[in-house]
Amino acid sequence: MSDQQTPETQTTGLAKAYQPSEIETPLYQHWESQGYFAPQGDGEPFSIMIPPPNVTGYLHMGHGFQESIMDALIRYNRMLGKKTLWQVGTDHAGIATQMVVERLLEAEGTNRHELGREKFIDRVWDWKEHSGGQITQQLRRLGASPDWSRERFTMDDGFYKAVQEVFIKLYEDKLIYRGKRLVNWDPKLKTAVSDLEVLSEEENGFLWHLRYPVTDENGKVLQHLTVATTRPETMLGDTAVAVNPNDERYQDIIGKTITLPLVGREIPIIADDYVDQEFGTGCVKITPAHDFNDYEMGQRHKLPMINILDDDANINDNAPEKYRGMDRFEARKQVVADFEAAGLLEKIDDHKLKVPRGDRSGVVIEPYLTDQWYVKTQPLADEAIKAVEGGDIQFVPKQYENMYFSWMRDIQDWCISRQLWWGHRIPAWYDEQGNVYVGRSEEEIRERENIDASVTLTQDEDVLDTWFSSGLWTFGTLGWPEQTEFLKTFHPSSVLVTGFDIIFFWVARMIMLTLHFKKEVPFHTVYVHGLVRDSQGQKMSKSKGNVLDPIDLIDGVDLDTLLDKRTSGMMQPQMQKKITKQTKKEFPDGIESYGTDALRFTYYSLASTGRDINFDVGRIEGFRNFCNKIWNAANYVLMNCEGQDCGQDNSTDYELSKADRWIISLLQQTEAAVKEGIETYRFDLATQALYNFIWQEYCSWYLELCKPALNSDDYTDAQKRGTRRTLVRVLETVLRLAHPFMPFITEEIWQKVKGLAAVEGDTIMYATYPQADNSKIDQNAIDDIEWLKVVITTIRNIRGEMNISQAKALPVYFQSTNADNQAKLESNQAFLTKLANLDTITWLQTGEEAPLSATGLAADMDVFVPMAGLIDLDAELARLNKEIDKLEKEVARINGKLNNEKFVGKAPADVVQKEKDKLSDYQAALAKLVDQREKIANL
RNA sequence: GGGUGGUUAGCUCAGUUGGGAGAGCGACGGCCUUACAAGCCGUAGGUCACAGGUUCGACCCCUGUACCACCCACCA
């Protein structure tokens with residue numbers, strides 16, 4: 001208010017304008033340098049283990065969402081005084097990382113085989129050191145507050161020790177074994193992958209009908225059987241044809257043989273229940289080495305297994321010479337052509353089928369016979385099921401438990417070996433006879449097994465599935481197998497925040513492995529969040545060109561850069577065109593800078609019950625404006641309170657006004673709502689409560705209600721002190737309340753406000769979290785101010801509808817049979833005059849007439865705004881008609897209800913009474929408005 | 001084939017003990033009113049997917065249908 005507040009002399013206030021870029025990074029650096037993120041104090045432990053992002057990764061919207069949720073939980077619990085650890089780290093992500101580095105090598109015109117294993121791995125480490133930290137830097141931009149001093153990597157030394165111990169122990173417990181079986185083979189990456197890494201999508205294909213000759217002992221063709229197949233090339237490895245034992249068509253040929261075309265092998269015709277008589281011809285070719293079902297059948301019937309593929313999925317030497325070395329799809333064409341030439345191709349039908357593809361490589365996965373290591377999962381799964389059934393682990397939302405159970409109850413053994421170079425080498429050695437020794441090192445094994453130097457031992461070439469090591473994340477990061485203080489303090493962790501897409505990959509396996517090794521759960525709660533999609537609900541993907549980068553939303557990005565990011569490295573140029581057009585349309589001027597707090601608040605506001613969230617840039621803009629609102633409000637509060645007596649010294653007298661008591665009451669309710677929201681993982685409800693309190697109640701109403709006391713000499717010093725005190729304390733409290741969600745702006749303002757509110761502390765991060773105090777709720781103040789709001793809104797409505805300038809101070813008349821209204825009017829006169837901009841307030845006694853006026857109803861009080869020179873008759877008539885219509889509808893509806901004998905007879909008495917009261921209120925209001933309409937119409 | 005979630009205002013979404021349908025954004029009208037035009041004031045807009053049922057009363061509970069999304073399994 002005073003001249004002292006000009007920018008030149010303003011030394012303690014906030015910068016004039018809200019500029020997130022100017023506050024966020026400096027604050028973060030300060031927090032980190034002060035060590036604020038490390039666990040402190042002796043409170044109850046609270047811990048979250050971050051789902052370690054892929055070290056090759058960059059931050060995407062899903063991370064942004066997930067990390068924001070974790071950070072809110074961490075900051076909230078930290079402010080509750082708990083000893084809080086957010087464990088951070090990254091995952092070595094075997095396949096993904098190896099692919100990235102291989103692509104680099106390819107660009108250099110070389111490959112990993114030329115380099116050799118050791119040099120290749122050095123190269124990966126090298127690359128990890130230089131580029132791997134990107135995501136952790138981006139995490140800092142989000143305001144995430146993990147303990148960086150404890151950052152871990154799933155391939156660091158300590159972690160390797162944990163992995164080794166787990167492998168060895170499971171092997172000793174007979175829960176890890178090695179076996180030759182059919183696995184999902186990725187011929188591009190040339191490694192086995194687990195069931196989970198295979199994605200089956202429906203694709204258009206064909207069903208080839210091949211005629212197989214049934215022959216007698218002399219090779220004479222007796223008849224032909226037709227088999228249908230979607231993979232004709234596998235016939236080269238057929239070792240039987242199967243029919244259903246009950247199929248009447250084929251009774252006489254069961255036990256006979258077929259001379260396999262192109263190959264010449266004699267194979268039996270067998271009977272098996274698995275065959276569906278209705279499908280195709282009811283005859284199935286059986287290829288035990290290249291199909292999971294056929295494999296089973298092969299086991300049952302002791303059929304030979306003929307593997308016809310090599311590692312690249314080319315045809316190998318077990319097939320006739322003609323096909324050797326052919327690519328599998330080339331061989332398919334050739335086989336079909338040869339069948340046709342031999343007159344053995346009956347027909348080709350179009351056929352939709354599910355094609356299994358590798359989730360990383362995208363190529364068709366082949367069932368392939370190899371030696372692999374497996375975890376026997378059944379015993380581990382039994383315990384893991386019990387932990388959830390018994391409530392030791394709870395999923396939020398609960399329905400994910402069903403998904404978990406159904407997978408766990410039908411779990412298959414887990415293939416954990418990968419034919420890659422980047423990863424944890426399997427701690428197993430072989431001698432020349434192929435005997436297996438599992439141990440910590442070659443030396444240990446030689447000593448244990450008494451193997452002298454004359455025997456050569458070679459370590460298994462394979463590495464472990466990445467998820468094997470991430471499965472140890474909750475305890476491996478805390479130093480296990482050492483019994484560290486951190487392990488004792490922070491395990492089990494409190495809550496796991498994750499996406500549903502890795503419940504099986506990660507969550508389920510963590511539960512199994514942790515229960516087995518720690519004999520306790522890895523976490524008590526699993527909060528499962530949805531996927532972040534674009535505003536249309538489309539999945540964000542490079543190929544769709546709809547990817548948003550959280551950092552771009554924080555910093556802003558110009559159109560050219562955005563276009564470049566979205567279209568670089570596109571496979572198809574026509575897509576590039578489309579994406580350019582679509583991007584230009586959506587962001588003609590690029591993306592503005594919104595700041596981290598706005599981005600985070602947007603995430604929370606969209607985070608309801610675990611469903612996917614559609615991210616609309618319009619929303620973030622709204623919340624950036626919200627930040628700005630807070631900033632400006634704080635500026636206003638400082639302007640009025642700095643250098644003034646804010647009544648914080650309890651020895652000075654201060655007097656709270658009704659408005660003060662009202663806003664304090666609402667603050668308690670808001671505190672309760674926010675707490676409830678956080679504790680039930682309803683961040684949308686928590687942030688909505690905050691948004692509404694700050695913008696509507698505090699800014700729009702309370703700051704206005706304060707103005708009379710602050711600016712007028714009609715108030716005592718005690719009253720002014722009370723108002724300033726409330727102004728500052730509510731602001732300071734709400735900053736703490738909002739801090740877990742918007743860490744930067746709250747800290748920045750809090751530093752300026754804490755002194756005025758007589759609060760101590762170096763950082764808001766360790767200020768105490770506000771707790772609702774019901775004794776501070778003053779119901780009379782609430783009733784009074786809510787009444788006042790209705791009166792003000794009624795007058796504003798007339799003003800707005802009648803187009804009366806806001807600047808025009810109005811004379812207003814009030815009348816009511818309820819005398820309470822007169823008292824309220826008098827006690828709220830100053831508020832009313834200010835907020836509705838009134839010239840005079842006149843109370844009419846019963847029988848007194850107001851001048852010709854526009855009429856409004858504020859509950860049971862009539863409000864009259866004289867029309868003279870201000871209001872158009874027709875406009876007022878129209879307005880009245882609108883109101884009357886509304887009321888008539890309500891009256892009719894309630895009348896219908898009350899005339900229904902069943903309702904009156906059966907509904908609870910209080911419900912009926914409520915309806916009756918409403919009816920009489922509405923009828924009275926209606927009568928007044930109709931009366932008024934008459935009056936005006938008759939002029 | 002089995003299962004889960006969803007369908008509410010133009011858009012994105014809230015709405016838990018069944019008792020007068022809400023928010024934000026957008027739209028429209030009016031305002032540079034001394035914190036804030038990234039703002040202020042006001043207004044309009046919805047047979048709560050559809051069909052039955054339970055109930056005095058259903059967005060809410062039950063049954064079924066349609067459409068959307070996802071998970072699991074899979075017939076060659």
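Below, chains carry the letters A, B, ... as their sequence lines are ordered, and counting in each starts from 1. Source: prediction; values computed, not measured.
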For residues 194-208 of chain A, tabulate all N or O donor-acceptor pairs below 3.5 Å that involve a side-chain atom, not counting sequence neighbours.
{"residue": "A:S194", "atom": "OG", "partner": "A:L196", "partner atom": "N", "Å": "3.4"}
{"residue": "A:S194", "atom": "OG", "partner": "A:E197", "partner atom": "OE2", "Å": "2.8"}
{"residue": "A:D195", "atom": "OD1", "partner": "A:N184", "partner atom": "ND2", "Å": "3.0"}
{"residue": "A:E197", "atom": "OE2", "partner": "A:S194", "partner atom": "N", "Å": "3.0"}
{"residue": "A:E197", "atom": "OE2", "partner": "A:R418", "partner atom": "NH2", "Å": "2.8"}
{"residue": "A:E203", "atom": "OE1", "partner": "A:R357", "partner atom": "NH2", "Å": "3.1"}
{"residue": "A:E203", "atom": "OE2", "partner": "A:R357", "partner atom": "NE", "Å": "2.6"}
{"residue": "A:E203", "atom": "OE2", "partner": "A:R357", "partner atom": "NH2", "Å": "3.3"}
{"residue": "A:N204", "atom": "OD1", "partner": "A:K352", "partner atom": "NZ", "Å": "2.9"}

Under 3.5 Å, sequence neighbours excluded: what are the donor-acceptor pairs made by side chains of residues 236-243 of chain A?
{"residue": "A:D238", "atom": "OD1", "partner": "A:K285", "partner atom": "NZ", "Å": "3.0"}
{"residue": "A:D238", "atom": "OD1", "partner": "A:T287", "partner atom": "OG1", "Å": "2.7"}
{"residue": "A:D238", "atom": "OD2", "partner": "A:Y212", "partner atom": "OH", "Å": "2.6"}
{"residue": "A:T239", "atom": "OG1", "partner": "A:P304", "partner atom": "O", "Å": "3.1"}

Ignoring hydrogens and angles, write down the donor-acceptor pairs under 3.5 Å from the side chains of residues 685-697 of chain A, residues two or more places apart or on other chains.
{"residue": "A:T687", "atom": "OG1", "partner": "A:F683", "partner atom": "O", "Å": "2.8"}
{"residue": "A:T687", "atom": "OG1", "partner": "A:D684", "partner atom": "O", "Å": "3.2"}
{"residue": "A:E697", "atom": "OE1", "partner": "A:K789", "partner atom": "NZ", "Å": "2.8"}

Do any side-chain atoms of residues 896-910 of chain A form donor-acceptor pairs under 3.5 angstrom with protein atoms, and if so which ones, sequence neighbours left out?
{"residue": "A:N899", "atom": "ND2", "partner": "A:N895", "partner atom": "O", "Å": "3.2"}
{"residue": "A:N900", "atom": "OD1", "partner": "A:K902", "partner atom": "N", "Å": "2.9"}

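Within the structure, side chain to side chain donor-acceptor pair (under 3.5 Å) pairs that include any residue of residues 619-634 of chain A comprise A:E592-A:R624 (at least two apart or interchain).
For the segment residues 794-801 of chain A, the set of residues with a heavy atom within less than 4.0 Å of an atom of RNA chain B comprises A:R796, A:N797, A:E801, in numerical order. Using a 4.0 Å cut-off on heavy atoms, the residues of residues 687-697 of chain A that approach RNA chain B are A:Y691, A:W695, listed by number.
When the side-chain contact (heavy atoms from CB on, under 4.5 Å) test is applied to A:K347, the partners found at least two apart in sequence or on another chain are A:H209, A:D349. Take A:R332 and apply the side chain to side chain donor-acceptor pair (under 3.5 Å) test, not counting sequence neighbours, and it matches A:E233. With sequence neighbours left out, A:A924 forms a side-chain contact (heavy atoms from CB on, under 4.5 Å) with no residue at all. For the side chain to side chain donor-acceptor pair (under 3.5 Å) test, residues two or more places apart in sequence or in another chain that qualify with A:E915 are A:K918.
Stem regions for RNA chain B, each three or more consecutive Watson-Crick or G-U pairs with both distances under 3.5 Å and listed by first number, read B:1-7 with B:66-72, B:10-13 with B:22-25, B:27-31 with B:39-43, B:49-53 with B:61-65.
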